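Only a predicted model underlies this, so the values are computations on that prediction, with no experimental measurement involved.
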Amino acid sequence: MRQLVKNSLNLFVAGFGCCKKEIYSTLGPTYDISRFGVNFVNLPEDSDVLVIQGFYNRTGERRLLDCYRSMEEPKWVIAAGKCIVDRSVFCQDYVLTDRLKNEIKIDFYVPGCPPRPEAFIYCILRILEIH
Amino acid sequence: MAKELYDGIYSSHKLIFVEKIRRNLEFYLKNKVRDIRLLGQEIFFNTDIDNLPEVLKEIRKNPEIEVDILSSINKYISKNRCILLINLSSVSNNFSMIIKASLKSPADDTETFAAEYNKLINQISAVYESAAFYLEGSKTEDRHFDIVLRSHILDGLDAFDTYLNAEEDIITKANISTRISVIPFYSITNKVTITELISKISRFDYNAGIFPELCFCLALEELMQLKVARRVQFIRMIISELSRISNHLSYIAKMATVLGSKITLSHILIEQERALRLIELVTGSRVHPNYIRVGGVRKDLNDEILKNISAGIKHLFKKIPIIESMLLDNTVITHKLKNTGQADRQAVLGCGVTGPNLRASGARYDLRKNRNLLLYREVSFLVAVGKYGDCLERLYIRFREIYQSIKIIDQLIGLMPDEHIRKLINLSELDMPYNKMVSSIECPHGVFKIYFEIEKNVVEKLVVMGPSRNSLYLAETILCGSRTEDIELILASLDISSGEIMQELPI
Amino acid sequence: MMILFKNVIYLFLILIINIYVCSYFLNKLSSRAELKRGFSVSRAGGLGYPALKLFRYLAKNDKLNIWEIFIFFFSFFIWTIIPFSPTLIIIRFENDLIIALLFYMILLFLILMNVSRSRYGFVFKNATKNILMIYNFFMPVIFCISGIVLINRTLTLKEIVGFQYQYWNIVYQPLGFIVVFTSVFLLMKLFTITRKSTLFLGQNIEKESYGFGRLTVRISYYSTLFFMIVMIIILYLAGWQNLFFINGNIIFGIKFYIIFFILVLLDKATPQLNDYNYLVSINWRFLIPVAAANFLFTIVFFILRNIYGII
């Protein structure tokens, strides 16, 4: 089942922040992520991969969890950017992965502030296992 | 003769004019204000909370001062006092001022504090109607809504929720809640060193990352009275115009996505990447440049980079007219854009919107021309001004601005002076007395303004007043009366940058 | 019985192969037009891409609702009346033009009913609006088809094709052809076969998910499009008539793909059309006046020729 889904992955990018800009710039012909069958959707119900990035507060965390729960199996989670992988740039005391480590299992981490589009594409290739 | 006339448009007489206004203010409000002075090119004064409504009434009504815009009201907590910063500006007289007033601490009793705050805001909104936007407490909880757009539904417009009431197709009431973008960032606004702040401040506007840095460094230079070399100013202008181009291109890409014109979208994205490559060539990063330093820039430009930039600019100049004709020569698109989301000059000014959105409705207000900003007086360019203020005009204005930016960069590369630049200051040994400073700059979305208090080399308090908040308030007013199909189009046409909407979560 | 069974199998094969080829060309063309590149067979624009899309649809979410079951059967059932060739027809009616149009309307109705159901229930407002929008385009089409009927004096598709052995109907009815072609193009834009569906599901929501239900809806979109193309060919472009010495069936296929390509290229060149007011204005300012004028002209011609015998 996982192999069948991998033919065309639907990505859902949650939150707002600078990484979103870089992730969406992979849509263009220069990077062209769609040649791996990847497209972006706006509904978590339709998506296979959840990309966590950017800045969150309590409300944002709750929404993120709602999105994660409404996704169907099989599903993957990518954490992109410094704010999620390490600590928030704006606030050193705020670590999202610590807060949500019981609820969400993160499969891939993409470091960088923000990660370059190439780094994000590399992560997608790791999911597809064809790098 | 011509040069004198030309200098008359800018020049230092603006500062003399502002000084005159300061004296007038001092005369009229003698007993009610304290500590009135010029910070950079802006007027700043303290006032008591009881006198505030009277002071505002005087400022609004007096024909010699005539402040017509309330740009923003920011509040922050310092030393158990809640401090209000009221940011006012006058488009007709071309100056701006900041009023500081302090409320009692919210820590004692949050409910009474909120009541007190709301009472004050109600008093202000009797003078300036747009103050009603800053009322605290949720306007959205105990009401029924027909359409609710969660933040993740709209790409690129993801820092707010939209609550709408509609009657058949026509929206009757719109509410925009920014609850999701109130996030903790006290470790960047409280007690940070200057170097750390310069590297992090560009997160507040990640669509055009150079402008917050530039704004902060300009403020510090003004405070220290540093004389910056001409070559440095030229380099700063080049890089800021490049990021203006890239921001406008990403705006056009967003509009093309909303309009569903996929072929145009891919052409725009190629050009946007080209502009970003040029920025990356100069600064080393696509989004957060961390390039401007106090008194200079991080790295000099060599001839090869300049040659690359001029080649890239030539290519952009060739390609962007093609994109423009692909979008605006299409009757289906123009039919859709025309007369949607229309806002007249008065409504736009009432919301305090600046930048291209204001210019699209017919007000010629651009800090590059109106202030002594960098060395923009040495290059010739036009300020693009629209007339009707609808979505088509806003899109058209962006194309004009891109052409003007290309023209500016082309001139700058030709005029680039050859100078030896030496290091002016060492920030780690800086020993500055307690001071406060305001600075503003024309970023692609409008007038970006920061206020900070500094002691030694540590920034005690930083307040960012981005222009995108005002665009949100404008969206609230112009969404009423438009059709439900145009929601995303109208929101996208206002060029709202998510980073500027962020507010600090109180500790 | 065996002949019937053979015919059903043939029809099925033709449909499946057509859907595969058309979706392949759609992907290829759209990825070329949007300056994107596929680097291997299975990627966007590759040969195996439609098959992989199919597997993807089957991979998740096996729920089916009642409308989707109806749509699945009906989108194949509609082809039992429309002849691809003079022999390949399963159910024979006297006046099959009317029956075909009726079936088509029912299929559209089913699609709209299914599409108006959101995750949270049936959205009545969406349904009425879409029904108005889609059935608006029937008025000019019916005007044009009645013009054809007046000329050929028959309601049977086979006889209409037979009538065109010397001159195609497009020679008699050029305006009618333009009107029908335009309305088919607009219908195609509304069904958004080349893009993610935005008309029915709201501006911002892309419901391009998986599940057998979605697959049936997708097939029904292709089915409606093919139906309209076949109707254009039969009514205006002489269906399966031989051209010089070439076999009629081959000619039919060539015409089919030429019209399909023109439609897709037009679709790529224009932006999204989901503005209700704009579509209605196209309809009332261009399509209906032209169609009505064409119809009146045909009636005058018909009366002069058949009743008074002047021409």
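Neither the backbone nor the side chain of B/Leu269 comes within contact range of chain C, judged by heavy atoms closer than 4.5 Å.
Within 6.0 Å of OH in B/Tyr388 there are 12 or fewer heavy atoms belonging to other residues, nucleotides or ligands. More than 12 heavy atoms of other residues, nucleotides or ligands lie within 6.0 Å of CZ in C/Phe138, so this atom counts as buried by the packing criterion. Atom CZ of C/Phe177 has more than 12 heavy atoms from other residues, nucleotides or ligands within 6.0 Å. More than 12 heavy atoms of other residues, nucleotides or ligands sit less than 6.0 Å from atom CZ of C/Phe286.
Across every non-hydrogen atom of C/Ala269 and B/Asn330, the tightest pair is O-ND2, 4.3 Å. Summarising the geometry of C/Pro271 relative to B/Ile333, their closest heavy-atom pair is CG-CG1, 3.6 Å, with the distance given to 0.1 Å.
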